[in-house]
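Read through the structure below, which is laid out as structure tokens, and then see the notes.
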Amino acid sequence: MLEDQLRRYFGFTTFRPGQREVITDVVARHDVFAMLPTGSGKSLCYLLAGYQLQGLVVIVSPLLSLMEDQVQHIRLYGEKRVAALNSFLPYEERQSVLQQLKALRFLFVSPEMLQSRQLLERLQEVNVVLFTVDEAHCVSQWGYEFRPDYLKLADVRRQLGAPPCLALTATADQRVREDIIDKLKMSDCHQHIYSVDRKNIALKVEAVQGTLEKQDRLIELVSMLQGPGIIYFSTREWTEEGAALIHQYTDLRVAAYHGGMANEERRLIQNQFLNDEIDVVCCTNAFGMGVDKPNVRYVIHFHYPKHMNAYLQEIGRAGRDGRPSLAVVLYTESDHELPLYILQKEYPTEKQLEQVIAQYIKGQDKELVATIALDVGCSETAARFLQEHISWWAPEMDSQALKQRLLQRIQERIALKTKALWELQQWLKKDSCRRARLLTLYDERLETSPKCCCDHCGLQLADFSRQKTIPVSEVVMPWERRLRLLLDQKEGSYGKKD
DNA sequence: CGACATCGATATAAATCGATGTCGGTGCCTTATT
């Protein structure tokens, strides 16, 4: 009985919604796509399935820190036959893990590590019974440009004797779900889809006039709202700026967090936040995966993300304890163009593309494509994109066809991302229930509105304020800032329309 | 797009203005014969 094992290995008496169904399908050796809400115990699915299947479970994980956490977590249950294999491990330890694969039940690896010949050969010698892809939305979100090894996982799985595949995520719309299933070649796929609706998270969007007003509003909000909270920005520089502002005008304990910081520092801030030693984190989208903190009371977007899936992932870090929580987006009209420019930098221009192909034809060295691309001024992401796609397509095409095929792919990708961005922007401007609209994007319907639903359903910010509210008038605001704000607004009124 | 840095012109001089340029997010992995 599954329940017996649940009790024996983990000390729980009942399954959470979805767990039993997913495990049953996996044990029956089907491919399974599972979209379960955050905090619903996704890891238990592959753990328990692993015990049933009697062999090695490989878990593909996007972040080293996530692997470390999960390994520790599993060890707490008394399971010692678990390891993470990654560059963080000293060389000798890595070798020792490779030598002892047979003795392991659970192995955590990155998609990049799975490109190692040595690891692959070792894995071929043992009985891999389940291939798990955790945070599976990364396949679709990162595989095409940022981390191409995510698109090679299907081939890795085939080389391991095509064990069943379990893909786990908390947020993916229909298109992303189909993309994941397709890219992982999950042919015999059983899907378990649960609602993305988080009824205890109230949704609010505020349009403001200009950046200064946005900063002021941010300070008002964090002064007033019950924390702890997370604030998302779109650049590293702004996370520092935001943290400095909050430090200056409030007594809150605040820190910035972004991908440019040293790993130890990032780890420290994440831990301090988890231990309630920091009230507010000002961060880029680098922060969040694996941050399983129950009592986050609000998430503010100072800059909004690039698509709804990201928005849902980010606000989903609030209210995991089930208590009322708040998600606020602050936006100005001028926020609308920037994401498009950032998006285009992921790809080469037509001119760069021609230069790279011309150089490549001369040398025929796939490994050099990225170097050439960087030389002609491509971003690193664009260089990787070219490297990847040319190595797929160049063998079977002449340079003209290759160029056309690449241009077509670039256009497709940009169109797709522009549409996703547009969808989010439309949602921001929506003047009816935000939850209802959000759910239709995920093919769901809102049956009954929760008590605190959204700003179009009578949301009261006061319901989310601290016990001891600091009146806004007491928030220190020097006259220089006030004046600049006034001038800014005046200028804004002469600004261009739409 | 827009925030910010740099540069040159301006012209009783130091500081200011406008023109021009650059940059913007996410993370694995780096196993040397110069």
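Order of the sequence lines sets the chain letters (A, B, ...), proteins ahead of strands, with each chain counted from 1.
As rounded to whole Å, 7 Å separates atom P of B:dC23 from atom NZ of A:K345. Protein atom CG of A:L338 is 9 Å distant from nucleotide atom P of B:dG25, rounded to whole Å. Distance A:E237 CD to B:dG25 C1': 14 Å, rounded to the nearest Å. Following rounding to the nearest Å, A:L89 (CG) and B:dT31 (P) show an atom-to-atom distance of 16 Å. As a whole-Å value, the separation of A:L340 CG from B:dG24 P is 18 Å. Atom CD of A:E388 is separated from atom P of B:dC29 by 16 Å (rounded to the nearest Å). What separates NZ of A:K152 from P of B:dC29 is a distance of 14 Å, to the nearest Å. Note: CD (A:Q344) to C1' (B:dG25) measures 16 Å, nearest angstrom.
Taking the six-membered ring for Trp and the full ring otherwise, the centers of A:H301 and A:Y311 sit less than 6.0 Å from each other. Aromatic rings from A:F385 and A:Y347 are positioned such that their centres are separated by under 6.0 Å.
Taking 4.0 angstrom as the limit, A:S234 places none of its side-chain polar atoms (N or O) nearer than this to OP1 or OP2 of B:dG25.
Here the separation of B:dT33 from B:dC29, taken at their P atoms, is 22 Å to the nearest Å. Here, B:dA11 and B:dA15 have their C1' atoms 12 Å apart, quoted to the whole Å. Separating the C1' atom of B:dC28 from that of B:dA5 is a span of 33 Å, rounded to the nearest Å. Taking atom C1' in both B:dA9 and B:dA14, the straight-line distance is 14 Å, to the nearest Å.
Put simply, the side chain of A:S195 gets close to the backbone of A:D197: a donor and an acceptor are under 3.5 Å apart.
Pair assignment for B:dA11 gives none, since no Watson-Crick or G-U wobble pairing has each distance under 3.5 Å. When both pairing distances are held under 3.5 Å, B:dG2 makes a Watson-Crick or G-U pair with B:dC23. Across the strands present, B:dT30 finds no partner; the criterion is a Watson-Crick or G-U wobble pair with both atom distances under 3.5 angstrom.
A:F131 is not listed as a side-chain neighbour of A:L166, based on a closest heavy-atom distance of 4.5 Å or more. Proximity of A:P305 to A:Y232: side-chain heavy atoms (C-beta onward) are nowhere separated by under 4.5 Å.
With respect to A:E388 and A:R384, no salt bridge is recorded, no charged nitrogen being found less than 4.0 Å from a carboxylate O.
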List, with names and distances, any nitrogen or oxygen atoms from the protein found under 3.5 Å away from nitrogen or oxygen atoms belonging to nucleotides 26-28 of chain B.
residue, atom, partner, partner atom, Å
B:dT26, OP1, A:G259, N, 2.8
B:dT26, OP1, A:T284, OG1, 2.4
B:dT26, OP2, A:R236, NE, 2.8
B:dT26, OP2, A:R236, NH2, 2.7
B:dT26, O4', A:N285, OD1, 3.4
B:dT26, O2, A:W142, NE1, 2.7
B:dG27, OP1, A:R266, NH2, 2.9
B:dG27, O6, A:R384, NH1, 3.1
B:dG27, N1, A:R384, NH1, 3.2
B:dC28, OP1, A:L64, N, 2.8
B:dC28, O3', A:S110, OG, 3.2

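In this structure, B:dT30 is classed as syn because its glycosidic torsion stays within 90° of zero.
Counting all heavy atoms, side chain and backbone alike, A:E145 lies closest to A:R413 at OE2-NE, 2.9 Å.
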